[in-house]
Amino acid sequence: MLVIIKKNYDEMSVEGAKMVADLIRRKPNCVIGFATGGTPLGLYKELIRMHKEEGLDFSKITTFNLDEYVGLPPEHSQSYHFFMWENLFKHINVDPRYVHIPQGMAVDIDEFCDWYEERIKYYGGIDLQILGIGANGHIAFNEPGSSLGSRTRIKTLKQETRWDNKRFFESDDDVPQYAITMGVGTIMDSKALLLLASGKGKATAIKATVEGPITALHPATIVQMHRKAFIICDEGAASTLSTEYSGYLS
Ligand code: GLP
């Protein structure tokens, strides 16, 4: 595990975008796992800039998103489909045929989840999975208590996660109760992980992730076991790490 501490959100975002761009240049037909939430927005902005100004070519990449709310159609302004198209995909030359986002309206959710897992395998696995982190240590929608070996499935959202996300919805009741999410095991199968965290609100979660014991009660701690995990955080998110990090930890 490599912990990279950057001064602020913008520097964190640029560093993360560089890693993604390096991969695309090295392997134009790579498979990238994308995340939603506020944290990766700066990274996506930088990728868009690289596409427009430097010709970074996304035409051969395949994408898999981590999660989606159950019950929200793709055109719903709070769906993760909408988020990804608005904030990244429509601004780059990604091929829509290679974009995969869990279907929150799937009729048979279990069958869909199995299909999603198969699709990831079919494309040879995810080369780089981008991750944010919930204040309670969740990754994707793998809430505390999620099995560390779990696969793509439906999960009930914790009340605190629904509160964290309610700022995006008109009323508390509108925040969905369920989501389809890649499992912790699915995420760990990715060839590389890139976890981003910004601000003091994530400091406790990052401390547990980097220094804490590995536990299903804090699913992000499992990244300690990954052979190629990068955590890029800003000084706020790194502010309670107890070890003296000179930027790196292996
Ligand atoms: C949601 C998403 C996660 C994301 C988390 C944190 O729960 N399912 O993938 O990491 O929010 O979001 P933010 O980056 O806005 O703090």
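What you see is a predicted model; the values in this text were computed from it and never measured. Note that ligands are numbered from 1 as they come in the structure, with each ligand's atoms numbered from 1 the same way.
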K.L.:
Decide whether an N or O pair under 3.5 Å exists between Asp67 and ligand 1.
P.N.:
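The answer is yes, given that Asp67 and ligand 1 share an N or O pair closer than 3.5 Å.
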K.L.:
Here's a test for you: under salt bridge (charged side-chain N to carboxylate O under 4.0 Å, His left out), which of Lys200, Lys7, Lys202 qualifies with Glu235?
P.N.:
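Among Lys200, Lys7, Lys202, the one that satisfies the salt bridge (charged side-chain N to carboxylate O under 4.0 Å, His left out) with Glu235 is Lys7.
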K.L.:
How long is the gap from OG1 on Thr186 to CZ on Arg153, to the nearest 0.5 Å?
P.N.:
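Separation between the atoms: 7.5 Å.
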K.L.:
Against heavy atoms of Gly37, which atoms of ligand 1 measure under 4.0 Å?
P.N.:
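Listed by number with element, the hits are 12 (O), 14 (O), 15 (O).
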K.L.:
Suppose I only count heavy atoms of Gly132 and a 4.0 Å limit; which atoms of ligand 1 are within that range?
P.N.:
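So the atoms of ligand 1 that pass are 10 (O).
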K.L.:
Below 4.0 angstrom, N of the basic side chain to O of the carboxylate: do Asp234 and Lys6 qualify?
P.N.:
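Not counted as a salt bridge, because no side-chain N and carboxylate O are separated by less than 4.0 Å.
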K.L.:
Does some non-hydrogen atom of Arg167 fall short of 4.0 Å from ligand 1?
P.N.:
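Yes.
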K.L.:
How many angstroms lie between atom CD1 of Ile120 and atom OG1 of Thr152, to the nearest 0.5 angstrom?
P.N.:
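OG1 of Thr152 is found 5.0 Å from CD1 of Ile120.
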K.L.:
I'd like to know if the side chain of Thr161 reaches the main chain of Leu157, judged simply by a donor and an acceptor atom lying under 3.5 Å from each other, with no hydrogens or angles considered.
P.N.:
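Checking the backbone N and O of Leu157 against the side chain of Thr161, no donor-acceptor pair under 3.5 Å is found.
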K.L.:
Could you tell me, atom by atom, which parts of ligand 1 come under 4.0 Å of a heavy atom of Thr39?
P.N.:
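Once the distances to Thr39 are compared, the set is 13 (P), 14 (O), 16 (O).
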K.L.:
If you have a sec, work out which protein heavy atom is nearest atom 2 (C) of ligand 1 and how many Å separate them, to one decimal?
P.N.:
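Here the nearest protein heavy atom works out to Tyr80 OH, 3.7 Å.
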K.L.:
Please work out whether the ring planes of Phe83 and Tyr80 are parallel, tilted or perpendicular, with thresholds of 30° and 60°.
P.N.:
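It falls in the perpendicular class, over 60°.
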K.L.:
Counting only heavy atoms closer than 4.0 Å, does ligand 1 sit against the backbone of Ala140, its side chain, both, or neither?
P.N.:
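Within the 4.0 Å criterion, Ala140 contacts ligand 1 through backbone atoms alone.
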K.L.:
Please determine if Glu117 and Lys121 form a salt bridge, counting it only when a charged side-chain N lies under 4.0 Å from a carboxylate O.
P.N.:
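Salt bridge: no.
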K.L.:
Please list the nearest protein heavy atom to atom 6 (C) of ligand 1 with its residue and the distance rounded to 0.1 Å.
P.N.:
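Looking only at protein heavy atoms, the one closest to atom 6 (C) of ligand 1 is Ile133 O, 3.6 Å.
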K.L.:
Closest non-hydrogen protein atom to atom 4 (C) of ligand 1, residue and atom name please, with distance?
P.N.:
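Residue, atom and distance for the closest contact: Thr36 O, 4.0 Å.
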K.L.:
Against heavy atoms of Lys202, which atoms of ligand 1 measure under 4.0 Å?
P.N.:
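Listed by number with element, the hits are 13 (P), 14 (O), 16 (O).
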K.L.:
Name the orientation class of the two ring planes belonging to His100 and Tyr116 (parallel below 30°, tilted from 30 to 60°, perpendicular beyond 60°).
P.N.:
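His100 vs Tyr116 ring planes: perpendicular.
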K.L.:
Which atoms from ligand 1 have a heavy atom of Phe141 less than 4.0 Å away?
P.N.:
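Those qualifying, in numeric order: 1 (C), 7 (O), 8 (N).
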K.L.:
Among protein heavy atoms, which sits nearest to atom 15 (O) of ligand 1, and what does the distance come to when rounded to 0.1 Å?
P.N.:
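Protein heavy atom with the smallest distance to atom 15 (O) of ligand 1: Gly38 N, 2.7 Å.
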K.L.:
Does NZ or CZ of Arg119 come closer than 6.0 Å to the centre of the six-membered ring of Tyr122, within 45° of the ring's axis?
P.N.:
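Relative to the ring axis of Tyr122, which defines the angle, Arg119 lies inside both limits.
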K.L.:
Would you kindly specify which portion of Phe168 sits under 4.0 Å from ligand 1, judged on non-hydrogen atoms: side chain, backbone, both or neither?
P.N.:
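The answer is neither.
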K.L.:
Using a strict 4.0 Å cut-off to heavy atoms of His138, name the atoms of ligand 1 that fall inside it.
P.N.:
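Reading through ligand 1 atom by atom, the close ones are 1 (C), 5 (C), 7 (O).
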K.L.:
I'd like to know whether ligand 1 has Ala35 as a neighbour, heavy-atom separation below 4.0 Å.
P.N.:
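Contact check Ala35 vs ligand 1: negative.
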K.L.:
Angle between ring planes, Tyr123 versus Tyr98, binned at 30° and 60°: parallel, tilted or perpendicular?
P.N.:
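Because their plane-to-plane angle is over 60°, the rings of Tyr123 and Tyr98 count as perpendicular.
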